[in-house]
Amino acid sequence: MLSVALRTLRSRWITFVGSFVALSLGVALIAVMGLALASSLHAPGRQPERFAAAPVVVKGADTLRVSTPIGDRTQKLAQPRAVPAALVAKLRKLGTVVEDRSFAVRARGGPGDLVGHPWSTAAFAPYGIDAGRAPRAADEVVVSGGWAKPGERVRTDRGTVRVVGAVAGRGFEDAVFYTDARAAQLSPKSAQLTVAADPAAVRAAVSGSAGVRVLTGDARRYADADPDRDSEALTAMNAMFGTAGGVTTFVSVFVVASTFAFSVAQRRREFGLLRTAGATPGQIRRMVFVEALAVGVLASAAGCVLGAYGAPRLATWVVDGGLAPDWFTIGAATWPYYAAFATGLLVALCGVVAASWRAGRTGPTQALREASVDSRPMTWGRWLFGAGLLLTAAVTLGLALFGDPGDLLHRKTYVSRPMLLITAVALLAPVVVRPLTQLIAWLPAQLPGAGGMLVRENAAAGVRRTAAIAAPVLVTVALAGSLLGATATLNGAKATETREQTSAAFVVTPAGGDGFDAATLRGLRAVPGAEVSATSTSAVYVLEDGVALVRDGARAADPGALAATTNLPIASGRIADLDDGSIVVNEEWQQHTVGERVRVWLGDGTRKTLRIAAVMTTGTGNSGVYVTPRNAVGASVDRVDVTLTKGADAGAVAAGLRAAVRTSGGQVLTKDQWVRASYPETNRTTRMGFLLVLGIALLYTGISLANTMVMATSDRVRDLAVLRLAGATRWQVLRLVGAEALMVVAVGGVLGLLVAVLNLAGMWSALGLLSVWTTIELPWTAIGVTVGACAVLAVVSSVVPASFALRRRAVELAGIRE
C-alpha cells in the first residue's frame, strides 16, 4: 500500500498541495505566536534615566506591604507618602538635599506628554544647557526637545512663561524646567529627593523610617517615572500574544483538520475502487495515514521555516505600532518550533481519523454509490461530539448566568467561549446545510432558467463539500462578530451605566493631571445657582481570604453633595449614611453587608476599620467604592459635578463655571457632552490585539478558503464536463460555479453570524442580571468586510481553475474521470 500511497500523491497532486498549504501556514502561525510569546517573557535590564548621575536617591513610602500566612503581599499606593520632614532635616546634615517634583504641563505647541521639574534636578540626568541659560525668575523655563527656542513666550496651563534656555532631549521624556521655588509652588508635594552623601550614612539615617527606600546604582531607576513600565509592557504583551496565540492556534487546527477531512472525503470513489480491487479496510486506513504522515512531516517542517521568517516581521510591526516597547525582539527560543511541528503533525493525523475509519468500513458498492451524493453526511461520532460541545456550551452558560454573571464580561471568557460554539456549529453544520441552502436559494430558484435551481441542488447534494468550504467563513465571521461585538456591547453597557448614574447638569474636569487647586475650587463653589460635588480619585486595599491583597478604585466625596449629583445603583443602605468612619462598597466585595465592619488600607497606606454604609450593585464591574475626603488624604480633586439650584439659569451657571476655571485651566461640559467624551473605549493594546487576531484569522482563512475552493473545483471537472455536454455554454458554467461559491460563503456567513449572536446574547443576559440593560452591538461593518472578502476569494478561486479546465473539450474532460 505504500507504493499505492506514493502514486496517489502524484496523481492527486492538487488535493495534496492544498492540504500541504493549509497545514504549513497553520504551523507557521503557531510558530510565530509561540516565538512572540516566548520573547515576551523577559525584559532587558533597564538603567537609571532621570537620576543616572545622582549620588543617592531617597524615596518616600510608595508600596503597601501586608503580611499573610503565605508571605507578604504588596500593592502600589495610590498616594505615595512624602519623605518625613524630620528625616529631611537629618539628611541635610549629611550633604546637599535636592527635592524632586514632577507635574504635568500643557503648553500651546508643545508635546502632549510634557512634564515639569525643578531646574536643580536637571544635572542628575544629566541635562546640559545647549542654548541660553538657566531659569532665574518664576516665569522663566528651560525646555528639552527643541519644540521651543530661547526668547519665545509660551502659553501653558501654568501661566505664560518665557523660554530662556534649551537642553538636548534624553529620549525618555519631554521636560520643562522651572526654578526650584516656582516648581515648589506648582507641586508642593515631593515624594523623593537626592542626597550628596555617603550611601552608608544615608541608610543609617533612614533606618527606622517605615517604607522609605535608599536607592543607589541601578536601583535608582525606581525613582524614574513609571519604573514598572517594562513589566507592565510584558504583562500586556503576554496577554496580547497569549490571546492571539490561542485564537490563531484554534483557527489553524480547526481549518487544517477540516481541510484534511475534506481531502479524504473527496476520495470516496477512489476508496471504493480499491475495496473492489481487494484492499482491506486496514490497508485503506494505513494508506491514508501514510499519506497524512508524509504531508504532515513536510508541511510542518515548512511551516517552522516560515514561522522563523515571519516572527521578526511581527515583532517589527508591534513595535512600530506602539504595542510593544522599542527593546522587544524575537529571541532564540526553540520550544515554539517543537510545539508547532508536533501540533501540525498531530492535527494532520487526527484530521483523517474519522474519514479514514469510515472509508475503511464502507463496502465497495456502497462507496461507489456514495461517491455522487452525500446520503449520510453525519456520522455517529460527529453527532456525538457536536451535540456534546453544544450541550457543554449551554450548560456552562447557564451555570455562569445563575452563578457569577460577571464572569461572562471578562476578556478571557468572551474570547474563549466563541471557540466552543464554533466547533459545535461546524460539526453540526451538515444538519442545517441542506435546509439553509434551500432557504437562501429559494428566490434565485424561482427566476427563469435553471441556474438558481442547479445552484440550490448542487449545494444541497454535496453537503460535506459545502460544510467544509463554509468552515473558514464560519470561523472568521464568528470571531469578528463575537470579539468586536463583545467589546462594543460592553462599552455601550458601561456608557449606559455612566449616563444613568450621573444626574449633574455640568461636569468640570481639570486641564492638567494634578487636579484643581484650592482657589479654583472656591471659585467653582461660589458660582450662583450651582451646587457643587468635588470628588477625587484614590484607592482602597482589602485583604480577601486572608491571603489576597486586592486594590479597588475609590472616589472621595462629600456624602450630601454626592447624593445630589449622582444616582448610584444602591442595593442596600443609603449614601447619606456615609461618613468618616464608613465606606460604600459594591457586591463584588467579599464582605458586603450593611453595618458590617471591614479592615482596609487607604490610598496612602493608612490602616483603618470602616463600617459599610451602603452596598452598590455589581453592574459591569470595577465600580469601585466611595469614601469621604478625610479617608483619601493627598488625593487631588479631579472632577466636579454641578447641579442647578431651583430657578437657576443653565447658561449663566455655565458661564460662571468657565470663568472660575479660566486661570488654572479646565473644561466645562454638559452631562451629555461628558458622557460622550468619557465613552469607554477598549484598551488600545486589547483593540490592536483583537485586530491582530482577526487580521491573521482573515488572512489565513482566506488563503484556506481559496485553497479549499481550488481543491473542490478540481474534483468537479467531470461534473462541469457533463454540463457542457448537456448544452451549457462555457460562460453559463462559469457563472454557475461562481454562484455556487457565493452560496457557500452565504452559508458560512449565516452560521458565523448565528455563533456571534448566541455569544452576544449570553453577554446581554449577564448584563441584564447585573441590572445593566443595553443593546447588543454587532460590528456590521467588520462582518460585511469579512464576508465580502471571503466572497471575492471564493469566486476567484473557483472560477479561475474551472476556466482553465474548460479550455479542453468536454468529451476529453469527461473521459479523464472515467
Side-chain angles (χ1 to χ4, degrees), residues 78 491-510 515-516 521 524-525 527 529-540 552-580 582-589 592 594 603 610-632 635-646 648 650 653-654 657 666-680 767 770-774:
N491 288 342
K494 290 179 178 179
T496 299
E497 265 191 322
T498 301
R499 187 179 298 106
E500 292 177 349
Q501 292 177 17
T502 304
S503 58
F506 300 100
V507 177
V508 188
T509 55
F516 291 112
L521 288 175
L524 290 170
R525 290 190 173 99
V527 174
E531 185 172 348
V532 171
S533 172
T535 60
S536 54
T537 301
S538 184
V540 168
D552 214 338
R555 291 209 69 81
D558 175 76
L562 179 66
T565 56
T566 59
N567 295 314
L568 296 182
I570 299 299
S572 58
R574 298 189 312 156
I575 287 292
D577 293 337
L578 177 65
D579 55 31
D580 294 338
S582 63
I583 184 173
V584 175
V585 303
N586 57 72
E587 290 177 329
E588 291 179 294
W589 275 47
H592 57 267
V594 173
L610 300 175
R611 173 182 52 82
I612 296 178
V615 179
M616 297 181 291
T617 58
T618 301
T620 58
N622 300 319
S623 55
V625 302
Y626 284 85
V627 294
T628 59
R630 190 178 290 253
N631 288 326
S636 57
V637 173
D638 56 7
R639 174 178 158 186
V640 175
D641 289 13
V642 181
T643 56
L644 304 178
T645 59
K646 188 175 181 179
V653 171
L657 295 173
Q667 194 173 25
V668 180
L669 301 174
T670 65
K671 172 185 171 178
D672 291 338
Q673 289 173 334
W674 182 76
V675 170
R676 285 195 297 270
S678 59
Y679 190 94
L767 288 168
L770 295 170
S771 304
V772 182
W773 294 105
T774 187

Handout entry: From T774 atom OG1 to E497 atom CD, the distance as rounded to the nearest 0.5 Å
Key = 10.0 Å
Problem - Sub-4.5 Å side-chain heavy-atom contact between T617 and E587 - result: yes
Problem - Heavy-atom check, side chain of Y626 versus side chain of I583, under 4.5 Å - result: no
Exercise for the section: For residues G603 and S538, report the shortest heavy-atom separation together with the two atoms involved. Expected result: CA-OG, 3.8 Å
Completion exercise
Contacts of D558 meeting salt bridge (Lys or Arg N to Asp or Glu O under 4.0 Å) (sequence neighbours excluded), chain-then-number -> none
Problem - Given V527, V532, L644, D641, the one that forms side chain to side chain contact (heavy atoms under 4.5 Å, CB included) with F506 - result: L644
Completion exercise
Note: P629 and A557 closest approach over all heavy atoms is CD-O, 3.5 Å
Problem - Exercise: identify the closest heavy-atom pair between T502 and T498 - result: OG1-O, 2.9 Å
Problem - Under the side-chain hydrogen bond (donor to acceptor under 3.5 Å, both in side chains) test, residues paired with D552 that sit two or more places apart - result: W589
Handout entry: Heavy-atom check, side chain of V625 versus side chain of V584, under 4.5 Å
Key = no
Exercise for the section: Looking only at non-hydrogen atoms, find the nearest pair between S636 and S536 and report the distance. Expected result: O-CB, 3.0 Å
Exercise for the section: First locate atom NE2 of H592, then atom OG1 of T618, and finally report the distance between them rounded to the nearest 0.5 Å. Expected result: 8.0 Å
Fill in the blank from the handout: Rounding to 0.5 Å, atoms CG (D579) and CG (L610) come to a distance of 9.0 Å
Exercise for the section: For T670 and Q673, indicate whether the former's side chain and the latter's backbone hold a donor-acceptor pair under 3.5 Å. Expected result: yes
Problem - Contact check, side chains of V540 and N631, non-hydrogen atoms, under 4.5 Å - result: no
Handout entry: G624 backbone acceptor or donor facing N586 side chain under 3.5 Å
Key = yes
Exercise for the section: Calculate, to the nearest 0.5 Å, the distance between atoms CD1 and CD1 belonging to I575 and I570 respectively. Expected result: 4.0 Å
Exercise for the section: Report yes if the side chains of T496 and T620 come closer than 4.5 Å at any heavy-atom pair, otherwise no. Expected result: no
Completion exercise
Test side chain to side chain contact (heavy atoms under 4.5 Å, CB included), reference E531, set T565, T643, V653, V642, output is T643
Practice task
Kindly give the heavy-atom pair with the smallest separation between L770 and G619, and that separation in Å.
Solution key: CD1-O, 3.2 Å
Handout entry: N/O donor-acceptor pair under 3.5 Å between K671 side chain and V507 backbone
Key = no
Problem - Interatomic spacing from OG1 in T509 to CG in D638 - rounded to 0.5 Å - result: 9.0 Å
Fill in the blank from the handout: Heavy atoms of S503 and A564 approach each other most closely as OG-O, 3.6 Å
Practice task
May I have all residue pairs that pass salt bridge (Lys or Arg N to Asp or Glu O under 4.0 Å) and include part of residues 566-577, sequence neighbours excluded?
Solution key: R574-D577
Exercise for the section: Check whether the side chains of R555 and T537 place a donor and an acceptor atom closer than 3.5 Å, and report yes or no. Expected result: yes
